[in-house]
Amino acid sequence: MATKIDKEACREAYNLVRDDGSAVIWVTFKYDGSTIVPGEQGAEYQDFIQQDFIQQCTDDIRLFAFVRFTTGDAMSKRSKFALITWIGENVSGLQRAKTGTDKTLVKEVVQNFAKEFVISDRKELEEDFIKSELKKAGGANYDAQTE
């Protein structure tokens, strides 16, 4: 059966993360049968990696997440967004391949992000690693200059 996405529900969750006035900084998109729907959401990255998201990231599932980070340097602070695809180590080859086409559905909703990550090792979810990759994707870095 072909995968579908609940665009309206996923768009609402996506917009919560995109809204700087919202406390929600992350949301997951999970499979409900053959439909991708919004999953958990939260206001702290530590909750994302320590509890909610990590508990969902088992070795036999596929999952997507959209996360807002505040990055920048002494001259400029801004929100940067990451799209994370989790593919567990025990996901079958067919399901791994299908994740690429399913991600296309997610990208119909999640259209603006600075960096995309495909992760199967929980260590790669460390906040410092993700932020450093987003900083590289952000262009100019004025941290070395004095004010």
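For reference, positions follow the sequence shown, starting with 1. The figures here come from the full heavy-atom set of this structure, side chains too, leaving out hydrogens, waters and symmetry mates.
- Taking CZ from F113 and NZ from K107, the interatomic distance works out to 4.5 Å, rounded to the nearest 0.5 Å.
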Problem set entry | Audit row: Y45, F69, ring-ring contact (aromatic ring centres under 6.0 Å, His included) steps and yes/no | CA-CA 9 Å; Y45 190 76; F69 292 91; 5.0 Å; yes
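- Residues V67 and I87 do not share a hydrophobic cluster, defined by chaining ILVMFWY side chains whose heavy atoms lie under 4.5 Å apart.
- For R11 (side chain) and V110 (main-chain N/O), no donor-acceptor pair under 3.5 Å exists by modelled atom type.
- For the residue pair T3 and K98, a side-chain donor N or O sits within less than 3.5 Å of a side-chain acceptor on the partner.
- Separation of atoms OG (S79) and CD1 (I25) is listed at 10.0 Å; rounding is to 0.5 Å.
- In the displayed structure, E108 atom CD is contacted under 6.0 Å by more than 12 heavy atoms of other residues, nucleotides or ligands.
- The main-chain N or O of A97 is never found under 3.5 Å from a side-chain atom of T101 such that the two would form a donor-acceptor pair.
- Cluster membership check: V37 does not share its hydrophobic cluster with I61, using side-chain heavy-atom separations under 4.5 Å among Ile, Leu, Val, Met, Phe, Trp and Tyr.
- Between P38 and F29, the closest heavy-atom pair is CA-CD2, 4.1 Å.
- Under the 4.0 Å criterion applied to side-chain N and carboxylate O atoms, E40 and K30 are not assigned as salt-bridge partners.
- Taking 4.5 Å as the limit, every side-chain heavy atom of K7 sits out of range of all side-chain heavy atoms of L105.
- Rounding to the nearest 0.5 Å gives a distance of 10.5 Å between CD1 of I84 and CD of E124.
- Of all heavy-atom pairs spanning W26 and A43, the tightest one is NE1-N, 4.0 Å.
- Distance check: K80 NZ to E133 CD gives 13.5 Å after rounding to the nearest 0.5 Å.
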Exercise. What do the steps show when you test R62 against R96 for side-chain contact (heavy atoms from CB on, under 4.5 Å), and what is the final call?
Worked result: CA-CA 8 Å; R62 302 170 294 150; R96 280 179 185 278; over 6 Å; no
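- Within the 3.5 Å criterion, the main-chain N or O of V24 finds a donor-acceptor partner in the side chain of R68.
- Between atom CH2 of residue W86 and atom CG of residue L125 there is a gap of 6.5 Å, rounded to the nearest 0.5 Å.
- Without hydrogens or angle criteria, S120 side chain to E89 main chain gives no donor-acceptor distance under 3.5 Å.
- None of V106, D6, V109, L63 except one satisfies the side-chain contact (heavy atoms from CB on, under 4.5 Å) rule with I36; the exception is V106.
- The shortest side-chain heavy-atom distance between F81 and K115 does not fall under the 4.5 Å cut-off.
- Taking the six-membered ring for Trp and thresholds of 30 and 60 degrees, Y31 and F64 have ring planes inclined between 30 and 60 degrees apart.
- Side-chain contact between N112 and Y14: present, with at least one pair of heavy atoms (C-beta onward) separated by less than 4.5 Å.
- Linking Ile, Leu, Val, Met, Phe, Trp and Tyr whenever their side-chain heavy atoms come within less than 4.5 Å leaves V91 and F117 in two separate clusters.
- Remark: D32 CG to I5 CD1 distance equals 12.5 Å, nearest 0.5 Å.
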